[in-house]
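Lettering follows sequence order; numbering is per chain, from 1. Values reported hereafter were calculated over all heavy atoms of this structure, with side chains retained and with hydrogens, waters and symmetry mates removed.
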Amino acid sequence: MSNGNNKTDKLVLIDGNSIIFRAFYALPPLTNSSGLHTNAVLGFTTMLLKVLEEEKPSHVLVAFDAGKVTFRHEGYAEYKGGRQKTPPELSEQFPLLKELLQAFSIPQFELAGYEADDIIGTLSKLAEDQGKSAVVVSGDKDMLQLASDHVSVLITRKGVSDVERYTPEAIGEKYGISPAQIIDLKGLMGDASDNIPGVPGVGEKTALKLLQEFGTVENVLDRVEEVKGKLRDNIEANMDSARMSKKLATIFREVPLERTLDDIVWNGYENASLATAFRKLEFRALSERLNLGEANKEEIALSAETASKYDVVSVSADGWAGLNDALSEAEALIVEAYGDNPHQTEGIGLAIVAGTTCYVVPFAELRSPEAVPFIQWLEDESATKTGYDTHRSELVLARSGIALRGQTFDVQLAAYLLDPTEADPSLHGLLQRLNLPPILSDDSVYGKGAKFRVPAEAELAKHLAAKVDAVRRLKSLLAEKLESLRMHNLYYELELPLSIVLAGMEKQGITVNANALAELGTEFQRRIEETTNAIYAAAGFEFNIGSTKQLGEVLFDRLELPVVKKTKTGYSTDAEVLEKLEPYHEAVRLIVHYRQLSKLQSTYIEGLTKEIRPEDGKIHTFYKQTIAATGRLSSQFPNLQNIPIRLEEGRQIRKAFVPSEPGWSILAADYSQIELRVLAHISGDEGLKEAFLKGMDVHTKTAMDVFRVESSQVDANMRRQAKAVNFGIVYGISDYGLSQNLNITRREAAEFIEQYFQAFPGVKRYMVDIVEKARKDGYVTTLFDRRRYLPEINHSNFNLRSFAERTAMNTPIQGTAADIIKLAMMRMSEALRDRGLQSRMLLQVHDELVFEVPADELEIMKELVPEVMSKALPLDVPLLADVSVGTNWYEAK
DNA sequence: TTACTCACG
DNA sequence: ACGTACGTGAGTAAG
């Protein structure tokens, strides 16, 4: 960016402390991926860009306060006393801002003993003396005293980038005084934020009236006998305070800076430096707005090339010989494909790195006869491979009939274990977070969304080479980190082998009967139409029931039902709201039913039907192993972990999930109360342990203890409430949450919790201890040493901190349960293989495993599965799994 | 794309 | 005083 030649010089002088404070409180808390807060820097930058663009300055300076003590404290030790300590979320942003300003090539001054105001006052005076104009930017109206014919002052209004421009005329119009009188104004009215007393009882109104009459503080004091009544007494009693306050408010414009205006000449910023700074801060939108993308790209490519030297060999140009010779030395593998669903993805290319050479293979080349050794290597179990998302790679290659084997390190999976909350799993992002030499992002190479294209071969080869080199660079680093955090066991013994088991389950798929779905769909459709008509009749007119906006208008504007809850964009119409509205209008019950039916129809009947693959009549889901922060799996394309079960109408969907071979059965086994059992184990609570050891119904036992009654006195309602309390305990209890769930008052909910903790003191101790531990360590772990960081556990914001506390309580429980079932899956996979069984493990639904089983293995499997699940991990309480069998998933209940 | 709603454990 | 239960994925409407 260049300013061109300004005819007249213009200075922009920014009060750094003032603006960063404003920005911090104006923007919601934001963090970058490494947990650093960046909201104040972002707000500052937005303001800065706006001012630079509008003012087109020739000189720019950001001034900061230096240290705590200034010359003002010499006369008045309480100056700025009583201020709240700067929150750590803001303090940590000062170094970020200073670094960013460097990238902008903007000079920053600070001088011990002086405030930013004084530096700015001094420089603006220098500018005036030299006939230059200046713009002062601050959030503090004290600065208005600097306004003159040459100096205008921008004061932030709301937020940061909305500013108001003050010239002497504007100040005159608004306050009826001159800039010079601003200090008199402060002298009289004081300034609470700086702890400047002024004259007690004199506010802005009175002070302005006095100044209009007397002009200055000194004149007010000299002619105080002309003032009437109580005000006069006040002034007379506080003359010294007024004089001192005026002095404190006066900006000192003779700071011994030893700098000249030449030191703050600004010739614009370097795109590349700013691009780097924005990238670190993850200010992507700003980067885009300033068109730094290209600069970013060049700079990244440059640094990647200098950081890691390798030759790029593309087999379509240079033949296969080199690659085939290098296979035994291969250190890393990339299988590149596009599309999110690995069962439908199209391969783009592969790359391996060996020594100083990266070999790149366009996907189509795999069909070449010369590719045979390479394919043999891919399928060779003993040829170990380090890759990135090898689970996906296996599925992608399987589509071309290639069986990937020998995956012994997956960089993505390792990175997930090291920080499972990290949202960006890309190699590009990973390198960035670890401060390693970067590579281009996939988005910048391929374009995103509709703009996606595979670039010309040379560019593609370069990118894949950079990726495979990055995988190699990351491997040893991540492997070491796993060791040092004692997570190698979890990684090598559980997650990595599990990824192969998962790929097997996904490739196997589950047969879904499209006709059964279609029949159900016809029935649902009929009822949807019926319900739609009934709703129109009840309402008296037609509208789009599926539009929450229209529905809200109908319910609350036209039918005038009471508003229960609002969303940030309008009326809430969710199930909880509708439940409360039922008594008011007959349409409400129908709407609830309509919602149920249309959910079933669109998500399950239509959604699942689309996912049935015509070749084999099966649905192949994709389990993501690196999404859930607790260690659970997630299921996509489609999600088979949320197939309806709670309501009978939806549960019918499960009838369409059938065995793939005639005469086989579906076998489902689920853990009974696994999370509460885990809680009993890790908390060591005697009462809870006893309940499980004696085989009691845990919700009934909870009801007995919370309500202090005998088991015979526990009715259905008490059990229901106790069950909700147990859920609450697992989720990280709060009285508010429980009260919402049970529709009771917060006080009553708090009472339940109190009773619960009295009955189960071990659980209480666990909750207190785990939060304490999280505060101390910054993370919590599961029994298998899976780890989750909770950077917000010490946050000053109540909501963020409370969320982190509940997460601290929940994650070890949910996460350990996830560990256990993952281990059970490994054991089952081994058991099926070792015993030569034909039965197949098809699905995992958090605490449930689904198999298809031939008739002659039914008896074995009914024993084996629950046994393996129960023994997956010995706890202080028994782990139980219930098993059931049917001709479809519905019947296996 | 974002917001809302709702299916599951 | 603050105002959310923990963890997910997917469909629809609407900007």
Show every ring-ring contact (aromatic ring centres under 6.0 Å, His included) that has at least one partner inside residues 791-811 of chain A, sequence neighbours left out.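 Non-adjacent pairs meeting ring-ring contact (aromatic ring centres under 6.0 Å, His included): His37(A)-His795(A).
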If you look at every strand shown and take non-hydrogen atoms under 4.0 Å, does [X] touch a base, only sugar-phosphate, or nothing?
X         : value
Ile645(A) : sugar-phosphate
Ala724(A) : base
Phe803(A) : sugar-phosphate
Val845(A) : sugar-phosphate
Asn741(A) : base
Arg595(A) : sugar-phosphate
Ala817(A) : nothing
Thr573(A) : sugar-phosphate

Distance between the P atoms of dT4(C) and dT5(B), in whole angstroms? 14 Å
P-based separation of dA5(C) from dC6(B) [nearest Å]: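 Comparing P positions in dC6(B) and dA5(C) gives a spacing of 14 Å.
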Salt bridge check, [Y] against [X]: does any charged N sit closer than 4.0 Å to a carboxylate O?
X         : Y         : value
Glu792(A) : Arg801(A) : no
Arg526(A) : Glu530(A) : yes
Lys655(A) : Glu891(A) : no

With the side chain counted from C-beta on, respond yes when Pro342(A) and Arg392(A) share a heavy-atom pair under 4.5 Å apart, and no when they do not.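 Pro342(A) reaches Arg392(A) side chain to side chain.
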With the side chain counted from C-beta on, respond yes when Glu805(A) and Arg775(A) share a heavy-atom pair under 4.5 Å apart, and no when they do not. yes
For [X], all residues meeting side chain to side chain donor-acceptor pair (under 3.5 Å), sequence neighbours excluded:
X         : result
Lys723(A) : none
Thr807(A) : none
Glu852(A) : Ser660(A), Arg840(A)

Test Phe452(A) against Tyr338(A) for ring pair (Phe, Tyr, Trp, His ring centres under 6.0 Å), laying out the working first. CA-CA 9 Å; Phe452(A) 185 95; Tyr338(A) 68 85; 4.8 Å; yes
When the nearest nucleotide of DNA chain C is assigned to Arg788(A) and to Ser734(A) on a heavy-atom basis, which residue is associated with the more 5' position? Ser734(A)
Please identify each residue that fulfils ring pair (Phe, Tyr, Trp, His ring centres under 6.0 Å) with [X], with sequence neighbours left out.
X         : value
His620(A) : His343(A)
Phe622(A) : His391(A)
Phe760(A) : Tyr756(A)
Phe637(A) : none

Could you tell me whether the phosphate oxygens of dA5(C), OP1 or OP2, come under 4.0 Å of any side-chain nitrogen or oxygen in Arg806(A)?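 Result: no.
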So if I take residues 623-632 of chain A and measure heavy-atom distances to DNA chain C, which residues fall below 4.0 Å?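 Only Ile627(A), Ala628(A), Ala629(A), Thr630(A), Arg632(A) qualify.
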Once each nucleotide of nucleotides 10-15 of chain C is scored for protein heavy atoms under 4.0 Å, what B/S/- sequence comes out, 5' to 3'? SSSSSS
Aromatic ring of Tyr731(A) stacked on base six-ring of dC6(C), 5.5 Å, 30°: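 Whether judged by distance or by angle, Tyr731(A) passes, so it stacks on the base of dC6(C).
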Hey, where on DNA chain B does chain A first and last touch, going 5' to 3'? Cut-off is any atom under 4.0 Å from a heavy atom.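 Contact boundaries, 5' end first: dA3(B) to dG9(B).
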Specify the separation, in whole Å, of atom CD1 of Ile770(A) and atom C1' of dC6(C).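 Nearest whole value for this atom pair: 15 Å.
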Give DNA chain C the dot-bracket treatment, 5' to 3': Watson-Crick (N1-N3 with N6-O4 or O6-N4) or G-U (N1-O2, O6-N3) under 3.5 Å, [ ] crossing, | other strand. .....|||||||||.
Look at the side chain of Ser802(A) and the base of dT4(C), then say whether one donor and one acceptor between them are separated by less than 3.5 Å. no
